[in-house]
Amino acid sequence: MVKQINDVMPKIAFGGDYNPEQWDENIWLEDAKLMQEAGVNLVSVAIFSWSVIEIEEDQYDFTWLDKVLDILHNHGIGVSLATATASPPAWLSKKYPEVLAVQANGVPLQVGSRQHYSPNSKRFISAVQQLVTKIAERYKSHPALKMWHINNEYACHVAECYSNESLATFRNWLKERYGSIEILNQKWGTNFWSQRYKDWEEIQFPVNLPTFYNPSQKLDYKRFMNDAIFNLYKTEKEILRKITPDVPVFTNFMYEFKPLNYFEWAKELDLVTWDSYPDPREGKPFRHAMHHDLMRSLKNGQPFYLMEQVTSHVNWRDINKTKKPGEMRLWSYSTVARGGDGVMYFQWRQGKAGAEKFHGAMIPHSNDTNSRVYQEVKQLGNELKKLNGIVDARIKARVAIIFDWENWWAVEHEGKPHNKLSYLDQVYQYYQVFYEHNIAVDFVQSTDDLAKYQLVVAPMLYMIRAGEEANLKQFVAQGGTLIVSFFSGIVDAQDHIHLGGYPAPLRELLGITVEEFAPMAENETNTIVMNGEIFITNTWADIIRLEGAQPIATYKENWYQDYAAVTFHRYGKGNTIYVGTNPSTNYLEKLINGILQQLKIEAPHAAPKNVEIVERSRQDTTFLFMLNHNEDPVTISLNENIRYTDCLQGKSVTNRITISGTDVAILTYSNADIS
Amino acid sequence: MVKQINDVMPKIAFGGDYNPEQWDENIWLEDAKLMQEAGVNLVSVAIFSWSVIEIEEDQYDFTWLDKVLDILHNHGIGVSLATATASPPAWLSKKYPEVLAVQANGVPLQVGSRQHYSPNSKRFISAVQQLVTKIAERYKSHPALKMWHINNEYACHVAECYSNESLATFRNWLKERYGSIEILNQKWGTNFWSQRYKDWEEIQFPVNLPTFYNPSQKLDYKRFMNDAIFNLYKTEKEILRKITPDVPVFTNFMYEFKPLNYFEWAKELDLVTWDSYPDPREGKPFRHAMHHDLMRSLKNGQPFYLMEQVTSHVNWRDINKTKKPGEMRLWSYSTVARGGDGVMYFQWRQGKAGAEKFHGAMIPHSNDTNSRVYQEVKQLGNELKKLNGIVDARIKARVAIIFDWENWWAVEHEGKPHNKLSYLDQVYQYYQVFYEHNIAVDFVQSTDDLAKYQLVVAPMLYMIRAGEEANLKQFVAQGGTLIVSFFSGIVDAQDHIHLGGYPAPLRELLGITVEEFAPMAENETNTIVMNGEIFITNTWADIIRLEGAQPIATYKENWYQDYAAVTFHRYGKGNTIYVGTNPSTNYLEKLINGILQQLKIEAPHAAPKNVEIVERSRQDTTFLFMLNHNEDPVTISLNENIRYTDCLQGKSVTNRITISGTDVAILTYSNADIS
Amino acid sequence: MVKQINDVMPKIAFGGDYNPEQWDENIWLEDAKLMQEAGVNLVSVAIFSWSVIEIEEDQYDFTWLDKVLDILHNHGIGVSLATATASPPAWLSKKYPEVLAVQANGVPLQVGSRQHYSPNSKRFISAVQQLVTKIAERYKSHPALKMWHINNEYACHVAECYSNESLATFRNWLKERYGSIEILNQKWGTNFWSQRYKDWEEIQFPVNLPTFYNPSQKLDYKRFMNDAIFNLYKTEKEILRKITPDVPVFTNFMYEFKPLNYFEWAKELDLVTWDSYPDPREGKPFRHAMHHDLMRSLKNGQPFYLMEQVTSHVNWRDINKTKKPGEMRLWSYSTVARGGDGVMYFQWRQGKAGAEKFHGAMIPHSNDTNSRVYQEVKQLGNELKKLNGIVDARIKARVAIIFDWENWWAVEHEGKPHNKLSYLDQVYQYYQVFYEHNIAVDFVQSTDDLAKYQLVVAPMLYMIRAGEEANLKQFVAQGGTLIVSFFSGIVDAQDHIHLGGYPAPLRELLGITVEEFAPMAENETNTIVMNGEIFITNTWADIIRLEGAQPIATYKENWYQDYAAVTFHRYGKGNTIYVGTNPSTNYLEKLINGILQQLKIEAPHAAPKNVEIVERSRQDTTFLFMLNHNEDPVTISLNENIRYTDCLQGKSVTNRITISGTDVAILTYSNADIS
């Protein structure tokens, strides 16, 4: 049986990607000693090493990797060992060109960068299987091996492939899904525009079309590619599980990443890990905070690892600002606060050649251990040792936001009433209100058991699949509060309209019908009024007919003035709120704060603006994070009934605590104090 | 002999595209009943039905279409029956890949959207011939059949094809046009840049070139593609004419559509029809009004059908605003006013699947007959019955604007002194002055008989083909007034310069030579002065040498200050005005109003701003349309000598009439009253 | 032995491209007479004549060219005879499709424009060899032949080719460069991202890659393409040298042209020539002045020819403003002032057909010799005769700017800390200060002997190849002053980091280490203070550690406030200044003026703003150019000790001289007067 991560690593993981093959062997020992000094306890090795391991077909060179793992182990550093399949070697595509992914214009991708393979190439899959088997056999008993890092950032660059082999695979996938061509015709609505198929072989990729695509076909193509790439992962996992049944496996996820349905993937990961690169130009990284919460939610609250972040600045944006002194540390604590049990970097030593040589690292080009960058790394690495007690502690959220990858795919497809809507932006808009008020939020799927939440938010949940409305109804009927925003409940799993008045599956629950959509022009606004107060709204207005609901905000302008913009409806023991427009943030704050008050949902601790407060707790102990994103110090009054200990200072605190600018306090207390 | 449209449909056609194959059969009867209720008398059927009619090669299923036509006929609804060739079925391109159009990069278009065929594929043409023959034979005697709707929006998406078969066809087209390769070399000016050909097989498409194209070659490619697509139309027409000699045929045209020379096409249509989708973000749809006038002009004043419009909002723009209450009705009356004898929609019932499911329709997704959208449709459909007397009534214009598709192709090709000029914008600029003053305008070609007009405007008529200047001279010599704007008369039919001083063919007529072009930078302006009044101008300044003409406006600034910007010249019994710059609208208003006063050309009726006034008349009766585009009501004083009847109210009117905001009045009076 | 240009043309060359094959033969005599009238003494013939010379493979028609050359010679006009290889004829690519260049998507370029050949096609090369041999043999003894004009604007449109033949050639080029695949792996850093090669045949083009390219590979591809095109040139040169050993050869260079390393090319040219098309929208053409200085510097000060300019306006920009009266003449004198011994136009007679028919010429479409354009040409052509004494006169510069094409290629490749940096803009920024103060500047390479300069500037010299730092150190050690700007000295010839602290090769010389890069966001600024005065800076901040240097400006804001922004360091007998940010122009003026004062470097003559002052001198005589770019006249006091002669007026001047707006004075004096 696979071991629990917190058994394998009963401390906060700290380290980074380590690519010793890019350096002379004589630096490896120095690396290990510096790692020790910096508090490193885990490194990811061999992520891009296929071409130096399998130097030609079936010829392997493990000598260098043997040495590296031995050195690391001898210095007490664990290894998250990669399967090295992230980028295939040149000899493979030279010998078997069918492994190359093919672009929409029919031109194959080439070797010279990375990840140029087609996930549908049988030849590629068998090459992967062979390599993974070899590596697993080689290192299955190596004492440094802590976990398996499968591939790397799946689909980061290549989420589509238009090869002939992919097309054949797509047709098989469709056959499996639909059984008969007649059902496919129904599910794709092919009587529209004379698109009817009589044979599977007639089906083409949704690409190189004269105009608007069949949305059902496009959606299935996205599903198919997600599945194809997921199969690659599962192929590797299966081999690893067989050879090393007790070693945890995972791959690393990404930020705002649309192509892969991570909720589905997470079921096959023993540990969720992800790579976080907030752009310092954005200031306080609230969008990354949301992703921490999302990543934690993927496995139902189980802590995740931040597998990559950068010490200073990346090199792949147009302009790559560097994190100010203290920001890297502060943001790392936000990671831990929100459920991170690992804080890792790309990468250990800054590269001297290649496309990422200007990407920051733990050891800079200067190799200078007095450098600001290394000093901050070392400080953090050694501080984190004081926090090991937090491992596997959980976050309790009474609020959940529905997040749905298939919805994301469908709602951002062309041909909508408003084609500049961003699903993520709609989610961010609601999330941000909770974030700024330090209210813990989980992310859920429409089919999840929602009973543990008091408030669920469904922003722009365009797609409602069969049965999902029943789950939402049950949640509300039993006393829950549900907020639904505009353009929700419109289509089914095939992106076909739920006929009978929008949003047909939710009309009864919300007590309304949306008679028409009235998108607004790009700079157009309207105003809405709630309790006599006026707010700006833009982007979209639903023309709502009340069918039981009561208006709680109405439009002031345009031909639909005095129509309801936001409605309230009692359903069973619970309530629903429908927001039929895109109101300003201050409106959403007003609306949601009212709801929170009514539900008695509060932040873990009061705090000044821009102080992030998060709590994680274990059976007996709670860890209270206070992260000061301001440049100036803040002072916070503490609960007089609780005996706090300042974790990093290692001393008790009473009455109040002062936190410097860009600094953090982590207080622990016994759960007995508040019970 | 083919029947006149007004014999076939002696009333205003009202209805829309009807796609019953997208719905269960059990809804068809309900459809027909609702159509009756809404006043529908004509529907377009089978436009995208190829794949459900010819279900595989040479196997036909007409059962569903038989039923549909019977139901419609039984409910008194006529059918504009499509030939179903707008989009070929998947089996056709699977079996014969040569039917696919090929993109510039050599990649064929694919099935999955629509209109992916190459017009130059012999295989496609023969498939079309076979299908059209079958359909025509099947329904030639069906009593519902009113007219044939050939294909749909030709070239909407695919106006270019780069297949090998297209290339061979292009070479043959050139052989036919030029006879010898030596003449082609002359006509294309191939001694420039070493482009000389010695063999037809050396000629390639004007595509994938390192830099600027040969403009003569590119122009011929546009002519060739227009001809190729036109041949497709004519192929269908020929079959239909043979099988049903008395049934009118047409295809539907589009808005601002550059690839097809509609003046040429209209000769082969029994009825001009077009699809109008004004963007509600633009407010009053004046550009669509211009297209109504253009469509009416294509067959010398013969009324047209608006074959498609939307009830509410489309789905193919970035943001799709919906028409406000009343706008759809008001704009429909503008259609009728400007020569429309048919008002049709895309489509009857809003689709539940496919790329256009968010495109508005006469029956919305809710199927709710109380919906605003359906109610407005029903109101209009029933109102229009009161206007049947207008059918075939005509509009008398004393002003004409020259509109020329080949000029459009040539003048917007790269490599000009100013490469951001839009031909349409130049035409709009002049048209708008007449539109805002309710002066009726026809559109003409340079070769037309212009004797019936007093004023002709030629905006940016860059291309003057052999003999065209003679026609213009004759018009002026016999007393006409001609306005010509800058960059006119520059090239011949091959896009070769008319040497000898710009604009060589018009110098005598205009009494000027343009010595130099002085385009202005993007935000640069100049001022011109006329009668002591100062106006802004931008974009372009001709440096004019007077050769008989008199300056009527001169520049105030820059090195050409005091040079003439606008000139006047007496020629024979008439006058010419040359506008050598791009003046502000208020200047053009001043200039044109002066000319209109002198020529005693007036609006049919005085009216406040934003009230559109148009007159159509038959032998005995005149229909006076007053369309109030304002949100507030207007009151208009009427001629006391005329006995008006308000058509929609069905009562007589005297002295004055008040029209609500976004409303219309249609008054009729006997022509005897004003004779 | 090849003749000196000033022996072949002992006067200022004046004329233009002449394309008689585009016109009827009967105009050629008129052309020659008009040329005489306009002072034309040299024309470029046959640049795009391949298809009318070699009318099919191995069949030549020289009759027309014989006649043209005879007529020209009979009128005293010399010929710069082109090798006609600039664009191959249609029959060549029809018969041998492998001569076509191939685009990144695999689609070959086509005939129909120009320059569609692949420089790596052996078939193309042999066709070139054959043609050039034929032409050279034919005209080797023609008395009109003055020089050979090889091809035309190499790589203007096609600087990349992705054909299979190019790929094979690229692999051979790499084999030659690196000898073994193992060395290539090291030099390309292929252990990064699993990019290791074990066989040359595995190497692909750096194109069609999923994400960031290997920068070393991309850099080598640029080198390879430069070499491939350069080989084409050298192939032609070799033939011409053999057949006509005494006739100078050259090709014409371009403006801001990145793909070709002109410093390398110039070694193989007997004369540097270039084509200058300043955009009149930019006002005073300072960027073109810089290119004059660069072109003069390519052969160590030897005068160049301006081979193409336009009389009025070009036609290939979006908007093509025309030069105001006088500007063409004034800018032509700037050319002569900065080392131009030839002033030529594209083209003699404005074309009537083809892609460039709206490009201005010496004779306009109207053929009107009274036209402004022709009159200005004639005036200039006849004036220049008075300046023949200037031929081969030189410019003495005490300031040099390092300009480096490989650096340009490397520093603008993706993946940098700041990816919106423009190398040219950085060079312009420093150049402009000298230009506005009329300080003569040469351009040099890092390896040049710098001893003759007092001040050398190295803007953003990102790449320092082996040994180059030694040359810079020697220059400073012996008393020179060196200014280096940010992001310099970062990589070696392979674009690999110089490890050990930035900028490793220059740390000792500059007395600093750059600890970190802190790029600024797009609208971010900071301020720096120098001697109590405050200046704006943006784009970039280096975090500098002083290691011997002294700060001369420091930051006022952000977390690095009080850190040094600009530093000064004494090294040997000289000084270095490091500018670690992108300061405003007024700061650079302050900084550089201070340095110039200290070094006692002054303009040749004091002058009001926007008066360009340049001196060229021979052994005995100096030519002092005073170019008034203002619209108003200026008066300039003269040195009382010098006896000036006004060249164009042909009279002596004393005390002061007044120059009209957009006019020029050229004064000569004996060098004895100032010695």
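A, B, ... follow the sequence lines: proteins, then strands. Residue 1 opens every chain.
Residue C:Glu631: no heavy atom, backbone or side chain, is found under 4.5 Å from chain B. For C:Asn19, no part lies under 4.5 angstrom from a heavy atom of chain B. Heavy-atom distances place no part of C:Ile53 under 4.5 Å from chain B, backbone and side chain included. B:Asn214 touches chain C through backbone and side chain together, each having a heavy atom under 4.5 Å away. For chain B, the nearby part of C:Pro88 is the backbone; its heavy atoms alone come within less than 4.5 Å. C:Arg281 touches chain B through its side chain: at least one heavy atom from C-beta onward sits under 4.5 Å away, while N, CA, C and O do not. Interface residue C:Val158: only side-chain heavy atoms are found under 4.5 Å from chain B. Contact annotation for C:Pro108: only backbone heavy atoms (N, CA, C, O) come within less than 4.5 Å of a heavy atom of chain B. The part of C:Asp368 that comes within reach of chain B is its side chain, from C-beta onward, which places non-hydrogen atoms under 4.5 angstrom from that chain.
Contact tally against chain B (heavy-atom pairs below 4.5 Å) for C:Ile55, C:Asp279, C:Val373, C:Val111: the top residue is C:Val111. Of all the listed residues (B:Tyr213, B:Trp559, B:Tyr560), the one sharing the greatest number of non-hydrogen pairs under 4.5 Å with chain C is B:Trp559. Of the listed residues (B:Thr513, B:Ile543, B:Asn191), the one with the most heavy-atom contacts under 4.5 Å to chain C is B:Asn191. Ranked by heavy-atom pairs shorter than 4.5 Å toward chain C, the options B:Ala518, B:Gly501, B:Pro215 are led by B:Pro215. Between chain C and the residues B:Gly500, B:Pro210, B:Pro519, the largest count of heavy-atom pairs under 4.5 Å involves B:Pro210. Chain C forms the most heavy-atom pairs under 4.5 Å with one residue out of B:Lys416, B:Gln217, B:Lys420, B:Glu515, and that residue is B:Lys416. Chosen from B:Ser216, B:Pro417, B:Pro206, the residue pairing most often with chain C at heavy-atom distances under 4.5 Å is B:Pro417. The residue among C:Pro325, C:Ser371, C:Pro89 with the most heavy atom pairs within less than 4.5 Å of chain B is C:Pro325. Counting heavy-atom pairs closer than 4.5 Å to chain B, the top residue among C:Ser312, C:Ala355, C:Gly354, C:Ala353 is C:Ala355.
Here the closest non-hydrogen pair linking C:Ser49 and B:Ser194 is C-OG, 4.4 Å. Shortest non-hydrogen contact noted between B:His418 and C:Asn320 is N-ND2, 4.5 Å. Between C:Val107 and B:Asn105, the closest heavy-atom pair is CG2-O, 3.1 Å. Shortest non-hydrogen contact noted between B:Leu209 and C:Ser113 is CB-CB, 3.6 Å. In terms of heavy atoms, C:Ser51 sits closest to B:Gln195 at OG-N, 4.0 Å. Residues C:Lys94 and B:Glu201 come closest through the heavy atom pair CE-O, 3.2 Å.
The backbone N or O of B:Gly415 sits less than 3.5 Å from a side-chain atom of C:Asn315, completing a donor-acceptor pair. Listed for the C:Lys357 side chain is a donor-acceptor partner under 3.5 Å among the backbone atoms of B:Asp495. Remark: side-chain polar atoms of B:Glu414 are not paired, donor with acceptor, to backbone N or O of C:Trp316 under 3.5 angstrom. Put simply, the side chain of B:Asn419 gets close to the backbone of C:Arg317: a donor and an acceptor are under 3.5 Å apart.
The environment of B:Lys258 atom NZ is dense: over 12 non-hydrogen atoms of other residues, nucleotides or ligands sit within 6.0 angstrom. The number of heavy atoms from other shown groups lying within 6.0 Å of NZ (B:Lys187) does not exceed 12. The neighbour count for C:Lys352 NZ, taken as heavy atoms of other residues, nucleotides or ligands under 6.0 Å away, is above 12. Within 6.0 Å of the CZ atom in B:Phe212, the count of heavy atoms belonging to other residues, nucleotides or ligands exceeds 12.
Two residues are said to be in side-chain contact when any heavy atoms from C-beta on lie closer than 4.5 Å; B:Arg545 and C:Asn370 fail this criterion. The side-chain heavy atoms of B:Tyr502 and C:His365, taken from C-beta on, include a pair separated by under 4.5 Å. For the pair B:Thr211/C:Arg114, a side-chain contact is recorded, criterion being any heavy-atom separation below 4.5 Å from C-beta on. At a threshold of 4.5 Å between non-hydrogen side-chain atoms, the residues B:Glu516 and C:Thr322 count as touching.
The structure places CD of B:Glu522 at 6.0 Å from CG of C:Asp318, a figure rounded to the nearest 0.5 Å.
Remark: of the listed residues C:Gln103, C:His116, C:Gln110, C:Gln103 is the sole one forming a side-chain hydrogen bond (donor to acceptor under 3.5 Å, both in side chains) with B:Asn208. Partner B:Trp193 forms a side-chain contact (heavy atoms from CB on, under 4.5 Å) with one of C:Gln22, C:Glu356, C:Gln115 and no other, that one being C:Glu356.
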